[in-house]
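Residue numbers start from 1 in every chain, and the chains themselves are labelled A, B, ... in the order their sequence lines are given, proteins ahead of strands.
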Amino acid sequence: MSQSYNRGLVEDFGRWREFTAGMWAWILHKFTGWVLVGYLFTHIAVLSTALPASNAASGVIAAETDVYTTTLQGLESLALVRVLEVGLLAVAVFHILNGVRLLFVDLGVGLEAQDKSFYASLVVTAAIVLASVPTFLEGVF
Amino acid sequence: MAERYSSFRSGSRSWLFQRVTAAFLVVVLAFHFFLLHFVNHASEVTFAGTSARMEQWGYLLTMVLFLLTATFHGVNGVYAALLNQGLTGTKKRAVKGVLAIAGLALAAQGTYVALVMSGVM
Amino acid sequence: MSTQIQEESEEATETETETAPVERESPGDRRREAKRTASDQRVASEPVGEIEGDTFRLKVFRYDPEVEGKMEPRFDDFTVPREKGMTVLDALIYARDHYDTTLTFRHSCRQAVCGSDAFFINGRQRLGCQTQISDLDGPVRVEPLPHQDVVKDLVVDMEHFYDQMHAVEPFFQGDTPDGDLEEQRQSRENREKIKMSTRCIWCGACMSSCNIAAGDNEYLGPAAINKAYRFAMDDREEDELKEHRMKILDQEHGVWRCQTQFSCTNVCPKDIPLTEHIQELKREAVKQNLKFW
Ligand code: HEM
Ligand code: SF4
Ligand code: FES
């Protein structure tokens, strides 16, 4: 037994066709989790424009020409940002729904339906996101 | 075999807090999305509007708690994900340090911003 | 969740007879019940004898670091005649006996008891002796268990798996009762509780299916945690022993690394509800720690 053969990473992601529901749920939860933390950091960075804005004269704030208001509205006027926001909604809704599924799994409730509850998370996410598209894209296109 | 496990460190605390914060975040994140995209449209957010909301103590408190729990949950989640990849030893300690600093910085900056918005600072 | 059904129906009948009447229905029971119904239906609707007569293609992973032509891993194709009731293990034995005597794989009991022939068959960890050829789509592709180093052909290095199993002290440690003729009694309910966890045959299928175990070498893995469950939940062991067992499980690389992917539960040839057991131990550990805070 002097040598052996290590098949490396192919064993994992090269086999994605064979993944089961629980595995997909884990991958998507991880991915959406990372996107959400990434967004949280950017979000606070953008909102930090409130610091200089708070020093602006009250007339500027009333006229809505302070940095905070112009930055946020400037971003919101970009179609790309709006589309990304729909993506963010999808990510958040899936993470919430699958998060609730995971909480039940942690409580030992409904383990035998864990695959069905994952599919349900996907379907409900899709429904909520599609229903929200008009509101999210209002006025940019 | 037993000596491999002598350096005892329980993982139950971070696991439990991850779930507890998750349960809180479900509600608050849904509320947050709803308030800022459906009740108030994101494209119509202004500094005056934000301050008006933040001046209410209940809202300010909720948002600060939202920030703190989300930061813990997010950063702890990333740390857990890296442990799952087999992170150990010095690298693990370094990653832990970096994540802790990033988390604290985010929480501090965010809280400061919230307080400024509310006019407290 | 639905393959390797044929055996389960047999096994299930066996389980039924040993089930105590007082038993409360667990999620695992319901899951197995569903599987059983599905398999009964399928078996009933299948044409009988159709599988006899023709041949099928068996693709087998080959590798041998000591033989010139086999140092580069490859797949060999064998044509094997179909027979009624043929298992993947039977097919491998046929190929070895008729085509290539160097084809190497572990096997012994041929009845899902010894745990030596877990392979990666058509993209899933299964026991060769428990998997009917008639349940698989052709060609039947047999590989060594993923996430373990291949020693030769289908033989993998199980050392790490055994290390993890031993790390949880997989033996009964309760005090022996005084008096020579005294028996060590266990309540019916307690026996029911740990029943499924005692069925492990150390095949390593679960560990091989777990991608956390693959990434984190220190993670105990499903089989070892289930083994620990079997003793931690056994009422005949004293409370201090349970605490000691929980300490092993409550480390960062113990139960907490489980990400509830259900991969292990899906592949376990003995139908052990591994994820359910791991989750119960997590909650148990949290409860114990809350007591101390
Ligand atoms: C709103 C409700 C939320 C729920 C119900 C929820 C639920 C969960 C749960 C249960 C886990 C643990 C997964 C596991 O360890 O197996 C998790 C992981 C995670 N969550 Fe959340 N979460 C929520 C919001 C958030 C937010 C706002 C963020 C971002 C700041 C976030 C970021 C993460 C990350 C990064 C992980 C780790 C993912 C990984 O394993 O790589 N989550 N979430
Ligand atoms: S728990 Fe099941 S899959 Fe894992 S080693 Fe035991 S019998 Fe095999
Ligand atoms: S040969 Fe013993 S389990 Fe398959």
Side-chain angles (χ1 to χ4, degrees), chain A residues 1-37 91 94-125, chain C residues 1 25-35 61-66 70-73 120 122-125 143-153 155-157 159 208-212 214-215 258-267 273-280 282-283 286:
Chain A
M1 252 221 296
S2 50
Q3 279 182 68
S4 59
Y5 175 56
N6 181 338
R7 285 155 294 172
L9 257 189
V10 206
E11 288 174 40
D12 296 306
F13 299 103
R15 300 212 191 272
W16 60 273
R17 258 176 256 265
E18 284 139 14
F19 287 172
T20 50
M23 182 72 174
W24 281 117
W26 177 74
I27 291 175
L28 289 180
H29 198 78
K30 192 185 261 274
F31 171 74
T32 53
W34 285 75
V35 171
L36 286 174
V37 219
V91 158
F94 175 80
H95 196 85
I96 291 182
L97 294 176
N98 191 58
V100 172
R101 167 181 169 274
L102 287 173
L103 290 178
F104 277 110
V105 167
D106 287 330
L107 293 172
V109 177
L111 295 194
E112 71 272 40
Q114 59 89 15
D115 42 356
K116 291 187 206 76
S117 55
F118 165 64
Y119 300 132
S121 315
L122 284 181
V123 172
V124 177
T125 303
Chain C
M1 286 247 222
E25 202 184 39
S26 77
D29 289 337
R30 263 170 274 153
R31 188 165 50 84
R32 280 182 294 279
E33 179 59 39
K35 257 186 173 179
F61 178 94
R62 305 301 303 273
Y63 167 75
D64 187 343
E66 282 156 20
K70 277 173 70 189
M71 289 178 178
E72 246 341 280
F120 198 63
N122 282 8
R124 188 178 191 277
Q125 287 79 0
E143 295 165 70
L145 287 181
H147 302 134
Q148 268 135 301
D149 287 349
V150 184
V151 179
K152 184 179 174 185
D153 294 346
V155 175
V156 292
D157 185 353
E159 222 37 60
S208 166
S209 76
C210 175
N211 86 318
I212 305 299
C258 165
Q259 302 293 300
T260 61
Q261 291 172 354
F262 290 87
S263 313
C264 54
T265 308
N266 286 340
V267 300
L274 294 160
T275 312
E276 200 177 316
H277 289 168
I278 300 173
Q279 293 299 82
E280 193 177 338
K282 286 180 190 167
R283 295 194 297 275
V286 167

Quick one: does Q279(C)'s side chain have a donor or acceptor within less than 3.5 Å of a partner on V105(A)'s backbone? yes

Out of curiosity, W26(A) CH2 to I212(C) CD1, how far, rounded to the nearest 0.5 Å? 4.5 Å

Once rounded to the nearest 0.5 Å, what's the spacing between atom CG of D106(A) and atom OG1 of T260(C)? 6.0 Å

Within the structure provided, determine whether Q114(A) and T265(C) are in side-chain contact (heavy-atom separation under 4.5 Å). no

Inter-residue atom distance K30(A).NZ - Q259(C).CD, 0.5 Å rounding: 7.0 Å

Interchain contact, E276(C) with chain A, by part (heavy-atom threshold 4.5 Å): both

So, taking the atom named CZ in F262(C) and the one named CG in D115(A), what distance separates them when rounded to the nearest 0.5 Å? 8.5 Å

